[in-house]
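Below, read A as the first sequence line, B as the second, and so on, with proteins coming before strands; counting in each chain starts at 1. In this text the structure is predicted, and so the values were computed from the model without any measurement.
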Protein chains: 2
Amino acid sequence: MTGRRTLVRNLNRTREKILAAALAEFSARGFAGARVDAIAGRARVNKRMLYYCFGAKQDLYREILRRKIAERAGLIESAPDDFAGALAHIYLGGGTDIDFVRLMEWEAIDSGGKKCIAEAERRALFEKAVARLRVLQRRGSIPHGVNLTQLFISMLSLAMFPLVMPQLIRLIHGMEPTDPRFMRQRAKFLRWLGDRLEKTTETVRIKSRRRRNPVAPSQTAVHRGRPFKKPGQLA
Amino acid sequence: MTGRRTLVRNLNRTREKILAAALAEFSARGFAGARVDAIAGRARVNKRMLYYCFGAKQDLYREILRRKIAERAGLIESAPDDFAGALAHIYLGGGTDIDFVRLMEWEAIDSGGKKCIAEAERRALFEKAVARLRVLQRRGSIPHGVNLTQLFISMLSLAMFPLVMPQLIRLIHGMEPTDPRFMRQRAKFLRWLGDRLEKTTETVRIKSRRRRNPVAPSQTAVHRGRPFKKPGQLA
DNA sequence: GGCTTAATTAACTGATCAGTTAATAGCGCG
DNA sequence: CGCGCTATTAACTGATCAGTTAATTAAGCC
C-alpha cells in the first residue's frame, strides 16, 4: 500500500518500458506467440497502457521491427573496404545480435510473401551493399563474372545462420552460438573465408615461386590464414 | 446425401491424408499457428480423427518433424566427393525443399534451447559430414588448419538461407527463392564458391603460366567457373 | 441377420487472449 | 482548492481453439 501511494505518471517512461519489454517478448515468441499480458507484466505497467501508447498489438510489433531495422541500418555503411573485413563486420555487428536476427526470422516465417516493413529503405541499403561489392570487383578483389547479389546473399547467410538455426549449431558444434568462444571462432573462420575468396591474385604470386614443391603451396595458404588473429576485435 | 451413402472407412488412408495436411499446415504456420480444424479441413476428415490416429496435436507435430528429418537423412551420404559438388548437392537436395527448411526454422525459433527431435541420429549424421570434410582435408582439397565444423555450418548456411529468409531474397534480388531461375543461379554460384575454396592448387598452376599478364589470371578464374553450367540438374 | 468392435461424425467444454469499458487518480493551471 | 485532462488501474467481453464426450455407423465374424 505504501508503494502504491507514490505512483508517478510519466508517459515517456511508460512507453520506453513497454518498448523494451515488447522487444524481448516479440523476439522470443514472435507476433502471434507474444502475449500483451506478458509484455505488460515484463514492463510492469497495466495492460491498458499498451493500447493507450501504441494502439493495437500489431502496431506495437511494427514499431519494434522498425526500430530494430533502423538500429542496424548503419551496418552496411560502416563495413570495412576489404571483403573479409566486411564479412566479419556484418557477422559481429548484426549476426550476433540475437534480437535482430530473431525478429528477421519471425518476419521471414510469418510473412508468407506479404509486403515488409521499411521495404524501400532496406532495398536501398541492400543496393548500396551490392554497389560496394561492385567497387571491389572493379579493383580486382572479387573476380569478374561473379554474381554480386548472390555474393551478398551469401554474406548474410554466413553471418546470420548461427543465430537463425541455433539448434543445428548445438547439434553440429556442441556449443551455443551465443558463446563468446563460438563467436570468436566464427569471426576467425569468416575472415579466412573472406580472404580466400578475395586475395587470389597475391596468393597466386607467392605460390608460383614454390611450384617445384607441391606441398609447399598448401603450407603457404595456411600462412596466409594467420593474419586473421587480430586480437582485441572481440572482447 | 448420395455422396455420404458411400462413406468408406480406411484408417490407413485417413492417416496418410492427415499426415499430408499436417505437413502443409505445420510448415506454413508452425506448431502453435497451425489449427487442428485447418489440418482436418485440408485432409477432409473429421477433427476427431486427428486425436484418434495420433493423439495430441504435439504428437502429430513430432511425427511430421521425424518423418521429414528421416526423409532428408540421406542427403549427406549421397553428396559427391568434391566439395563444390557437395555444396550444390546440399542446396539442391535440401535447400530447395521448402517444407524441410521451414520445419527446421520453426524448430529453431520455437525450441528455446530445448532438446530436439531425433538428436542422436542427427548428431551422428553431422559427424559423418564433418568426417567426410576431413577426408577432403587430408587429400589437400581443403586447406589444413581450417575449422571443419565451421565449414560444415557454412555449407548449411549457404544452402538453406534463401528459403530461411525469403523476404530478404526478395528485397535483395527481386526474385522469389522458389523461382527456378533463382535456384539455377544459386546452384551455379555455390559451385563457383565451392571450387574457389577447394581447388587452389590447380588454379595456381594454371595461373602461374600467365603471370606476365596480371589481368589474365582473373580471366582464367572466370573460365574455371564455366563448368558449373551442368544442365539437366535443374529442370 | 445379429452382435461386437472400431472408424467416423457432431456437438460440447473450459481455458486463453486481444481488445473494450468503466472507474480512479495524478498533475498542472487558474 | 476546484476543475479539466490524461495517465493509469481493474474488470469485462466475445471469439478462438485444443481437447473431450456422445452418438452413429461401417465392417467383419458367427
Please table the atom pairs, donor to acceptor, closer than 3.5 Å between any side-chain atom in residues 14-22 of chain B and protein atoms at least two apart or in another chain.
unit_1, atom_1, unit_2, atom_2, d
B:T14, OG1, B:N10, O, 3.1
B:R15, NH1, B:C53, O, 3.4

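- Pairs engaging residues 112-121 of chain B under the side-chain hydrogen bond (donor to acceptor under 3.5 Å, both in side chains) rule: B:E119-B:R123 [sequence neighbours left out].
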Is there any protein nitrogen or oxygen under 3.5 Å from a nitrogen or oxygen in nucleotides 20-24 of chain D, and what are the pairs?
unit_1, atom_1, unit_2, atom_2, d
D:dT21, O4, B:R48, NE, 3.1

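- Atom CD of A:Q58 is separated from atom P of C:dA18 by 12 Å (rounded to the nearest Å).
- The aromatic rings of A:F182 and A:H173 sit perpendicular to each other, their planes meeting at more than 60°, with 30° as the lower class boundary.
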List, one per line, each side-chain donor-acceptor pair under 3.5 Å for residues 154-164 of chain A, sequence neighbours excluded.
unit_1, atom_1, unit_2, atom_2, d
A:S154, OG, A:Q150, O, 2.8
A:S154, OG, B:R186, NH1, 2.9
A:S154, OG, B:R186, NH2, 3.2
A:S157, OG, A:I153, O, 2.7

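- If you measure from atom CG of B:L50 to atom P of D:dG19, you get 10 Å, rounded to the nearest angstrom.
- Residues meeting the ring pair (Phe, Tyr, Trp, His ring centres under 6.0 Å) test with A:F126, sequence neighbours left out: A:F152.
- Partners of B:F100 under the ring pair (Phe, Tyr, Trp, His ring centres under 6.0 Å) rule, at least two apart in sequence or in another chain, do not exist in this structure.
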Could you list all N or O pairs between the protein and nucleotides 15-17 of chain C that sit under 3.5 Å apart?
unit_1, atom_1, unit_2, atom_2, d
C:dC17, OP1, A:R35, NE, 2.4
C:dC17, OP1, A:R35, NH2, 2.9
C:dC17, O5', A:R35, NE, 3.0

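- Put simply, CG on B:D59 is 13 Å from C1' on D:dA18, counting in whole angstrom units.
- Atom CG in B:N46 sits roughly 15 Å away from atom P in D:dA26 (whole-Å rounding).
- In this structure, B:M49 atom CE and D:dA18 atom P are separated by 18 Å, rounded to whole Å.
- Listed by chain and residue number, A:K128 satisfy the side chain to side chain contact (heavy atoms under 4.5 Å, CB included) test with A:E77 (two or more places apart in sequence, or in another chain).
- Partners of A:F54 by ring pair (Phe, Tyr, Trp, His ring centres under 6.0 Å), not counting sequence neighbours: none found.
- You'll find that the side chain of B:L7 is closest to C:dT9, out of C:dT9, C:dC27, D:dT8.
- Between the C1' atom of C:dC27 and the CG atom of A:L11 lies a distance of 13 Å, rounded to the nearest Å.
- In this structure, A:R29 places its CZ atom where only 12 or fewer heavy-atom neighbours from other residues, nucleotides or ligands lie under 6.0 Å away.
- The distance between atom CD of A:E25 and atom C1' of C:dA18, rounded to the nearest whole Å, is 15 Å.
- The CZ-P distance, from A:F54 to D:dT8, rounds to 12 Å in whole Å.
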